[in-house]
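Some notes on the structure that comes next.
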Amino acid sequence: MIKIYKKEDCCGCSACVHICPKHSIAFKEDSEGFLYPHVDLKTCVDCGLCEKVCPVLNQNDERLPLQTFAAKHRDDEVRMKSSSGGVFTLLAEHILDKGGVVFGAKFNENWEVIHDYVETKEGLAPFRGSKYVQSNIGNSYKLVEEFLKIGREVMFTGTPCQIAGLKKYLRKDYKNLLTVDFVCHGVPSPMVWKKYLEEEIDRYKAILTHINFRDKSTGWKNFSVILNFAKSKSVDFEEKSLVMSTVFHENPYMEAFMSNLCLRPSCYACPAKSGKSGADVTIGDFWGIDTIGPDIDDDKGVSLILVNNYCKLDLTGLNYNLLPYENAIERNICIEKSVSLPVNRNFFMRQQATEGFLDSLNQCKTNKLLYRVKRLLFRLFC
């Protein structure tokens, strides 16, 4: 049976939960807001399937991509609504054109990030754009399997560890499955995200109506985080809406994310880097394209595409350039390397659970003697 002795040994992919024939494994939230599997010993028959599908216990070999592209959607409107170059939209539309199904991450009505699927192009909008929170897979793996078995084309997008979990869960290759992961920095705690939002909602005394982590009105390379609020669900949006807009490096939540303070423990030793996820395609921002190919960059977003497996990848609708992999890795080191564990990570996670998000972040940043001593004592005795 699956046993989690150290938190860093579980990426939260949920493959073990889905594979259990007796439904003896359930996810439970820990004190940091991350989900971990717990086994009901009364019903477990110790079949070992949960261990066999674990992508941490059964890591794939590292591999280099077969091809590397810099690409952007030919429709600038699509690109401006996307995190980078609009490649997700193009790949998804090709699958939907064939009567297929597309899985991805979106916000639910409570602004939690969940995995879901769509069967129409009109339904793609919620799946566009980055969501800097670990998504809840729900029953997506089982649904993917059901669609595949009846012959539907399926595109599944997710973090590298989620792709690895799906492929371990399926236990066989399907020609009608396209798996797409992205260059992943790490996944923040849903609890931290919730606390941040609660504090912003309380500050504005309004209803949150829209979130955009990657607004490009200030440019792709200097994107903004947008939160839209309304005083009431019934008021005229144009007249009564409030907009919180901050350039990403000035936004407190993004600061905690980029400082690696709120990531899942497994992210500091990711089991799915360097192509180990098994994804057919990896996408992301092609950071550094302004120096590698300045003629390509217009600051509206350029996507990185890594083709990892031999698959029929239709790039019709994209402007793209074939480039050496070395060009991609130079400014996208997260393709191969896990982020470093910050010295104050555990201090922040403990503090935010009781003292709130912003106060805890400020306690990590300040040089005041009181908080320097407080952080030192925590590291020594906690």
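Asn344 and Arg379 form a side-chain donor-acceptor contact under 3.5 Å, judged by distance and modelled atom types alone. Judged by distance alone, the side chains of Ser189 and Gln352 never bring a donor and an acceptor atom under 3.5 Å apart. Side-chain polar atoms of Thr246 and Asn251 form a donor-acceptor pair below 3.5 angstrom.
Salt bridge status for Glu200 with Arg203: present, with a side-chain N to carboxylate O gap under 4.0 Å. Salt bridge annotation for Asp40-Lys22: absent, with no cationic side-chain nitrogen under 4.0 angstrom from a carboxylate oxygen. Of the charged side-chain nitrogens involved, none lies within less than 4.0 Å of a carboxylate oxygen, so that Lys142 and Glu146 do not count as a salt-bridged pair. A salt bridge is absent between Asp299 and Lys216: the closest approach of a Lys/Arg side-chain nitrogen to an acidic carboxylate oxygen does not fall below 4.0 angstrom. A salt bridge does not link Lys7 with Glu32: every distance from a Lys NZ or Arg NE/NH1/NH2 to an Asp or Glu carboxylate oxygen is 4.0 Å or more.
If you run side-chain contact (heavy atoms from CB on, under 4.5 Å) between Asn228 and each of Thr209, Leu242, Asn212, only Thr209 comes through.
The list of ring-ring contact (aromatic ring centres under 6.0 Å, His included) pairs with a residue in residues 273-297, not counting sequence neighbours, reads Trp220-Trp287. Every pair passing ring-ring contact (aromatic ring centres under 6.0 Å, His included) that includes a residue from residues 54-89 is listed here, sequence neighbours excluded: Phe69-Tyr320.
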Next item on the list: Check step by step if side-chain hydrogen bond (donor to acceptor under 3.5 Å, both in side chains) holds for Gln162 and Thr157.
Entry: CA-CA 9 Å; Gln162 288 172 337; Thr157 59; over 6 Å; no
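Residues forming a ring pair (Phe, Tyr, Trp, His ring centres under 6.0 Å) with His185 (at least two apart in sequence, or on another chain): Phe257.
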